[in-house]
Every structure is written in C-alpha cells, then in structure tokens.
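Because the structure is a prediction, the values reported are computed rather than measured. Counting starts at 1 for both ligands and their atoms, in listed order.
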Amino acid sequence: MQQEALQEIHSATTLDALQTVKTKYVGKSGLITKELGSLGKLPPEERRARGAEINAVRSALDAALKEREDTLKRAALDARLASEAIDVTLPGLQLPSGGLHLISRILNDLEGIYERMGYTVIEGQEVEDDAYNFDALNIPWYHPARDLWDTFWLEDGRLLRTHTSPMQVRYMLEHSAPLKIVVPGKVYRYEATDATHESMFHQLEGLVVGDNISMADLKGTIAEMARGLFGASAKVRFQPSYYPFTEPGADFSVWWENPRGESKWLELGGCGMVHQNVFKAVDDLREAAGKERIYEGKTGFAFGLGPERIAMLKYGIPDIRYFYANDLRVLEQFRGELG
Ligand code: FA5
C-alpha cells in the first residue's frame, strides 16, 4: 500500500489531485486511518509491531505529501510569475499626438500681440440676447442694417451671436473707462457658405475707451497688429464703411508679400470710432442696474476681424471651408505645438 500511495502522490499534478490522494490514505476514513483503527481487533502481542509498522508508513506518506505539496505550490507560483512577466527592454508604443488647430494658433498670436500692447483678453457668451447683439449697438429691430447679420434665432427668443461686438456693451456695463480689451470667440451667421464665408467662424473684437482717443490711435493699433502678424513689410489700408455702432466706420485690409511671391490686399475686418449712441445705450443699461452713467462724452474705437481670413492670407489657403471639414490631410499641414 505504501508503494501504491507513494506512486499516486508523485503522479498528482495539481493540488486538488494531491488532496484526493491524501484523503484516500490518511483522511478521517482513509485506508491508513482504517488500518490503525483495526489494531484493537488484533491479539495484544501483535498490536505493538503492527502499530509501529503502520505509523512508519503513515510518516512516510505524510512526508511525501508535504514534499509534493510544496513542489506543486512552487510550480503554480512560478507559472503565475511567468504569465505576469514583462519585457522592459521592448520599445514603447508611440501615441500620435494632437496639436492646436490653425485658428487657435492665430488667435493665440493675436492675443499675444494685444497683451503686449496692454490689452486685457476676455471671453463672452455665444448665446446672446437681442438687446446686446443688436439694440444696444444702435441697431433697433426696424433698422435695415440687421440684414447685414443673418441670424440663427433660438426658440426662446435669444440668438447665436452674429459678431463679438455685444461684448463691448457687456464689458462697459461692468467696468469703467479707461479700458482696453480684446474678445476672441466663435460667431454664427445664417448664410450661404462659399470660399470666403462660413456659417460658424471666429472674430477678435477690440475695444478701447478713454479720453481723447482718436482715429489715429485706431490706425496705429491696426498697423501694429499687421506687423506683428505678417512682419515689418505689412501695410494696412482703411476704406470708409458703415456700421451702426461706429461713427465714422471703416473696413481695413492688409497687404503682405508672402513667401510664395504673391502680394495682395485682403479685407480683414471692420472698425471705427464708437458711436455716441452706444455709450448712451450702455449708460441707460447701467442706470437701470443702479449704476452711474459714465460713458456719454467718452471717446473710443472698436474693431472686429476674422482670424480665418488671416490664416488664408498667411498660408495661401484658398477656401475657408477647409478649416472645419476635419480633413486630416489639411489639418496636419498646419499642426502646431501643443501648449
Ligand atoms: C462685424 O461683424 C462687426 N461687428 C465688426 C466691427 C466691430 C466693426 C467693431 C466696427 C467696430 P463684419 O460683418 O464685416 O463686421 O465682419 C467682420 C469680419 O469678420 C469680416 O471682415 C471678416 O473678416 C469676418 N467675417 C464676416 N463674415 C464672415 C463669414 N461668413 N465667414 C468668415 N469670416 C467672416
């Protein structure tokens, strides 16, 4: 029986199988245990020798079981460690990194240029009230100029801002002059798209208010921006234009000789001296909110320009629709550093 048991112990390949062998021989009702139990039936003179013999077998089996158990446990642990092993010398996985969109980079550049001129950068909301997008900007509901800004109306009567100019009003409600701000952000227009018009695009609004601010300050500021964007050779041109919230108003274009040897004028934005009706509307709103009237009689200039147009001019991109079509073949050519 000892030979047989040892044989079975050695051929057990799992701890479960070993447990079965253990139970069979030395468990409560195992074969060896039974042998010991039957000692009492032997004549007393045989008991001693027989008992010693069975105990020797039992010790041999116990020792063999223990040894086999250790071996199997060790093997199981080795297998687990092997399955968890990693090769730290393998080359790492290279994850493709994202980048800033070209328009984000242009806006970052613009913000830097204006911050160096002492402007504060603020942001506004894309869902606006008629009162700020139009009324306070001297564009009452019956004004034909409303047609210049085809509007996406929301069901609750609000709208998607058609330009960043409502932030002129919102800022003056909360702050006093003198002030110098730029406001980058998305704007929306319900209009047919073509190579130079999108229904969602960006603007950068500028507003300066103080005493004795003049058109010369406006021109100098725009020229400084153009040189910051395109280099020392950039020129700017102003042409009279009409905006209800400026008097006088102008459009400005930039001329730049680009690395491809082309040079042309590109209209970048609108600008002008802040209309006194805007200051009056701001004071009315301030008064209604229990604040002092402080703007009537001040002077200031404002401008609003399109960064998409800057990107098109700077990089020779022929169609504004490329920016938001999410075609990686286009976007990857202008992938900037993150951060
Ligand atoms: C305005 O939106 C005025 N709020 C700008 C302004 C501000 C004037 C302060 C005076 C004082 P306008 O609609 O012209 O003006 O738009 C300004 C610029 O936004 C344009 O010159 C152009 O660069 C850009 N832009 C206008 N419409 C689109 C469009 N559909 N797609 C891309 N860019 C556009």
In one Ile/Leu/Val/Met/Phe/Trp/Tyr side-chain cluster, 4.5 Å: I54, M1: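 I54 and M1: one cluster.
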Residues around ligand 1, heavy atom under 4.0 Å from any ligand atom, sorted by chain and number. Can you pull those?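 Within 4.0 Å of ligand 1, the protein residues are W149, H163, S165, Q168, R189, E191, T196, H197, E198, F201, Q203, E205, Y243, F245, T246, L268, G269, G270, C271, A302, F303, G304, G306, R309, I320.
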Using distance alone, with no hydrogens and no angle criterion, decide if [X] and [Y] have a side-chain donor and acceptor under 3.5 Å apart.
| X | Y | value |
| --- | --- | --- |
| D87 | T89 | yes |
| E205 | Q168 | yes |
| Y25 | E8 | yes |

Hey, is OH on Y190 packed in by over 12 heavy atoms from elsewhere, all under 6.0 Å?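 Counting other residues, nucleotides and ligands, OH of Y190 stays at 12 neighbours or fewer.
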Tell me whether the rings of W149 and F245 are parallel (<30°), tilted (30 to 60°) or perpendicular (>60°).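 Ring orientation, 0 to 90° scale: tilted.
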